[in-house]
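This chain uses plain numbering: 1 for the first residue, then up along the sequence.
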Amino acid sequence: MGVTKEDVEAAITSALSPSNLVVTDTSGGCGASYEIEVVSEKFEGKRLLERHRMVNTALAPHMAEIHAVSIKKALTPAQAQPQPEPAADKPQA
C-alpha cells in the first residue's frame, strides 16, 4: 500500500500547523496522487512558490511513493477569510 491520506495529513500538520487542511486522494485509493488545500500562519510573508516548497518539504519523506501532488490552495488565515462582496451599484432615481 502506498501513502495514505492520513500520512499526508500528519506530515503537513506536523510541519505547518494548519488552521484548515483538506487532502483529497485523487488516485482512486492507491495513494499515488493527492490534491491539497492548506491554510497556515507559517505562510505569512511567503510568496506562492515558497509556500508550495514548504508543503513539498513536509511531504519529502513520502514523495518516493507519491506520483503527483496538486497544491490547490496555500493560503494565510487572512487570505482564507471570505471577502465581502462589493455592494451593487444602486440605480439612481
Side-chain angles (χ1 to χ4, degrees):
M1 170 108 183
V3 177
T4 66
K5 174 183 170 189
E6 290 77 17
D7 293 335
V8 173
E9 290 171 340
I12 293 172
T13 298
S14 175
L16 300 175
S17 305
S19 57
N20 186 44
L21 175 61
V22 178
V23 176
T24 305
D25 183 345
T26 57
S27 66
C30 72
S33 180
Y34 291 94
E35 284 186 356
I36 298 169
E37 296 181 16
V38 59
V39 177
S40 175
E41 288 183 1
K42 293 188 178 186
F43 291 149
E44 292 287 348
K46 305 279 194 274
R47 293 181 181 206
L48 183 60
L49 181 59
E50 292 172 291
R51 296 173 187 190
H52 283 223
R53 285 182 178 152
M54 292 169 72
V55 174
N56 286 328
T57 298
L59 295 175
H62 303 292
M63 289 307 286
E65 298 180 64
I66 297 176
H67 174 71
V69 172
S70 176
I71 303 168
K72 294 294 185 182
K73 293 181 184 175
L75 305 173
T76 65
Q79 291 171 324
Q81 295 298 319
Q83 300 300 317
E85 297 202 17
D89 290 334
K90 293 181 182 177
Q92 298 197 5

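For the atom pair Leu16 CG and Arg51 CZ, the distance stands at 11.5 Å (nearest 0.5 Å). Here the straight-line distance linking atom CG of Leu75 with atom CG of Leu48 works out to 9.0 Å at 0.5 Å rounding. Remark: Glu65 CD to Leu59 CG distance equals 12.0 Å, nearest 0.5 Å. Annotation: the span from Ile12 atom CD1 to Ile36 atom CD1 amounts to 4.0 Å, rounded to 0.5 Å. Atoms OG and CG, from Ser33 and Asp25 in turn, are 7.5 Å apart once rounded to the nearest 0.5 Å.
At a threshold of 4.5 Å between non-hydrogen side-chain atoms, the residues Val8 and Ile66 count as touching. Between Val39 and Pro18 there is no side-chain heavy-atom pair separated by less than 4.5 Å. Contact of the Pro77 side chain with the Glu41 side chain is registered, since non-hydrogen atoms from C-beta on lie closer than 4.5 Å.
No more than 12 heavy atoms of other residues, nucleotides or ligands sit less than 6.0 Å from atom NZ of Lys73.
Side-chain atoms of Thr76 never come within 3.5 Å of backbone atoms of Glu44 as a donor-acceptor pair (strictly under, hydrogens ignored). Side chain of Asn56 to main chain of Arg53: no donor-acceptor pair is present (N/O by atom type, distance under 3.5 Å, no hydrogens or angles). Side-chain N or O atoms of Ser40 include one that pairs as donor or acceptor with a backbone N or O of Lys42 at under 3.5 Å.
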**Request:** For the pair Val69 and Met63, evaluate side-chain contact (heavy atoms from CB on, under 4.5 Å) and give the outcome as yes or no after the intermediate values.
**Result:** CA-CA 9 Å; Val69 172; Met63 289 307 286; 4.1 Å; yes
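The heavy-atom pair separating Gln79 from Ala74 by the smallest distance is OE1-O, 4.5 Å. Closest of all the heavy-atom pairs between Val23 and Glu9 is CG2-CG, 3.6 Å. Here the shortest heavy-atom pairing between Ala58 and Ala15 reads CB-CB, 3.5 Å. Counting all heavy atoms, side chain and backbone alike, Tyr34 lies closest to Thr26 at N-OG1, 3.7 Å.
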